[in-house]
Amino acid sequence: MNATNGSPLNAGIDPTLLVESTAYADPQLIRQILDHLREHQPVCYVEPERFRPFWAATRYDDIRYIESTPELFSAEPRAVLIPESLEIENLNRFGDMQGVKTLVHMDGPQHLALRAITRDWFMPKNVAAMRGRIDVIADQFIDRMRSMGGECDFAADIAFWYPLRVVLQMIGISEEDEPTILNLTQRLFAAESYVTEESDLSTVYGETLTALAEFFTQLAEQRRNEPVNDIASVLANANVNGEPLDPFTLISYFVLLATAGHDTTSASLAGGVKALLDFPEQHRLLLAEPGLYPGAADEMIRWVSPVKHFARTVLKDTTLSGVSLKAGETVAMFFDSANRDGEAIASPAKFDIKRDRSRHLAFGVGRHNCPGMHLARLEIAVFLEKLLPQLEFIEQAGEPAYIQSGFVSGLNSLPVRYRFR
Ligand code: HEM
């Protein structure tokens with residue numbers, strides 16, 4: 001069935017909201033749309049007003065198939081759904097519709113060669129070796145929580161900053177630059193929230209990309225002159241087929257690592273803490289069985305599924321769950337929906353820290369799967385394993401709020417009250 005937005009199958013729901021950043025302020029609304037589509041129209045043609053049309057894929061098996069079949073589904077031309085006006089502006093400004101050219105926007109040998117540059121940094125063995133540094137940073141933020149006197153915004157005061165410091169230290173960015181990078185990456189992912197009367201969407205977006213480019217150009221120059229043991233030095237001095245990375249690819253690589261490496265993990269940590277408050281029996285279980293922290297971290301990541309979508313372009317006419325897709329069309333994969341698909345995940349609406357860790361798709365799958373997965377899981381597990389046993393209690397102290405972004409979203413604010421032992 002190829003029915004679109006107005007299909008009777010979709011009575012009462014509006015699939016075009018899937019690209020509206022503001023709709024992500026209400027995760028229940030988005031989940032309702034995804035649940036409905038998955039059940040009634042798992043491959044649905046969506047024609048939003050300000051975006052080029054796309055097929056929304058919402059079933060686990062379809063998303064796994066798309067991710068595992070790069071010969072039919074290309075990451076290259078349109079990996080993320082952004083408004084058409086921005087695509088045009090990016091094309092004029094950078095010669096590329098996406099504004100950046102990162103691993104997530106590449107296929108084939110170029111993708112493999114670029115991914116290989118930083119591969120070692122994210123291998124489980126090397127991530128495990130970073131445990132000492134992660135411990136120190138986790139302690140810094142637990143101390144911050146302690147110093148805040150029993151109330152804080154766990155998302156804005158703690159969860160945004162901790163994974164940021166971990167990944168920026170790996171890249172080689174100093175603590176005093178953290179607020180700049182946090183601000184720029186949040187603007188990039190949720191540009192619409194920063195629009196004012198003076199600054200329209202394309203101005204916010206363009207200025208953000210330019211500021212990121214200036215920052216990373218300077219850093220790369222510095223590391224070319226004086227390389228040290230960090231990712232910035234690896235990128236600044238990398239060669240692919242005997243050539244250094246061109247400036248656009250180099251800057252894009254930095255932007256990818258600086259962005260992919262923290263908002264996702266922050267959202268999962270904050271959402272994970274909220275899940276423990278919502279499901280106190282799981283909280284008690286975790287305290288009783290400390291061996292469950294790694295599995296709990298992974299379940300929190302499934303539960304939050306902070307990366308809301310990635311898109312692929314159809315390379316040859318094909319079918320997906322019986323629906324005909326034409327070459328050149330876009331298909332967007334809604335990971336949150338895959339992770340709530342009862343055909344693939346048992347009792348998906350249950351937050352269950354003991355569940356099988358291998359199934360969910362929050363990190364994607366196939367050639368583009370998230371290289372940062374081991375780091376993200378470790379960061380969350382370490383933080384909670386240190387924090388929770390030190391607390392006499394922790395409870396929600398106000399209404400939560402969510403990041404308005406259709407790309408990476410999660411808690412923006414989680415007021416909590418707590419007491420350390
Ligand atoms: C790609 C999710 C943390 C670096 C991705 C993708 C997803 C994802 C869904 C695309 C996968 C695909 O298309 O198959 C997450 C989640 C995280 C997280 C949920 C935290 C809970 C991190 C961290 C880093 C990182 C800590 C490290 C800096 C990357 C990179 C890519 C990527 C470099 C691009 C890979 C490629 O296209 O080849 N991530 N990520 N991510 N992630 Fe993560």
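Remember, it's a predicted structure, so these values are computed and weren't measured experimentally. Basis for what follows: all heavy atoms, side chains included, without hydrogens, waters or symmetry-related copies. Counting starts at 1 for both ligands and their atoms, in listed order.
- Atoms of ligand 1 lying under 4.0 Å from any heavy atom of Val365, numbered from 1 in the order shown and given with element: 14 (O).
- Counting only non-hydrogen atoms, the option in Pro163, Ala311, Gly271, Gly372 that gets closest to atom 24 (C) of ligand 1 is Gly372.
- The residue among Cys370, Pro371, Ala260 with a heavy atom at the shortest distance from atom 31 (C) of ligand 1 is Pro371.
- In summary, the aromatic rings of Tyr162 and Phe383 are positioned with their centroids under 6.0 Å apart.
- For Tyr194 and Thr208, the side-chain atoms include no donor-acceptor pair closer than 3.5 Å.
- Using a non-hydrogen distance threshold of 4.0 Å, Arg312 registers as a contact of ligand 1.
- The ligand atoms of ligand 1 that sit less than 4.0 angstrom from a heavy atom of Ser268 are 21 (C).
- Relative to atom 17 (C) of ligand 1, the option among Thr264, Asn369, Leu375 with the closest non-hydrogen atom is Thr264.
- The existence of a salt bridge linking Glu67 and Arg312 is confirmed by a sub-4.0 Å separation between a basic side-chain nitrogen and an acidic carboxylate oxygen.
- A side-chain donor-acceptor contact under 3.5 Å links Thr249 and Asp246.
- The distance from ligand 1 to the heavy atoms of Val167 drops below 4.0 Å at these ligand atoms: 28 (C).
- Heavy atoms of Gly366 stay at 4.0 angstrom or farther from ligand 1.
- Between atom 37 (O) of ligand 1 and the options His262, Arg115, Glu67, His368, the minimum heavy-atom separation is to His368.
- No heavy atom of Met333 sits closer than 4.0 Å to any atom of ligand 1.
- Ring-centre distance between Tyr45 and Phe54: not below the 6.0 Å cut-off.
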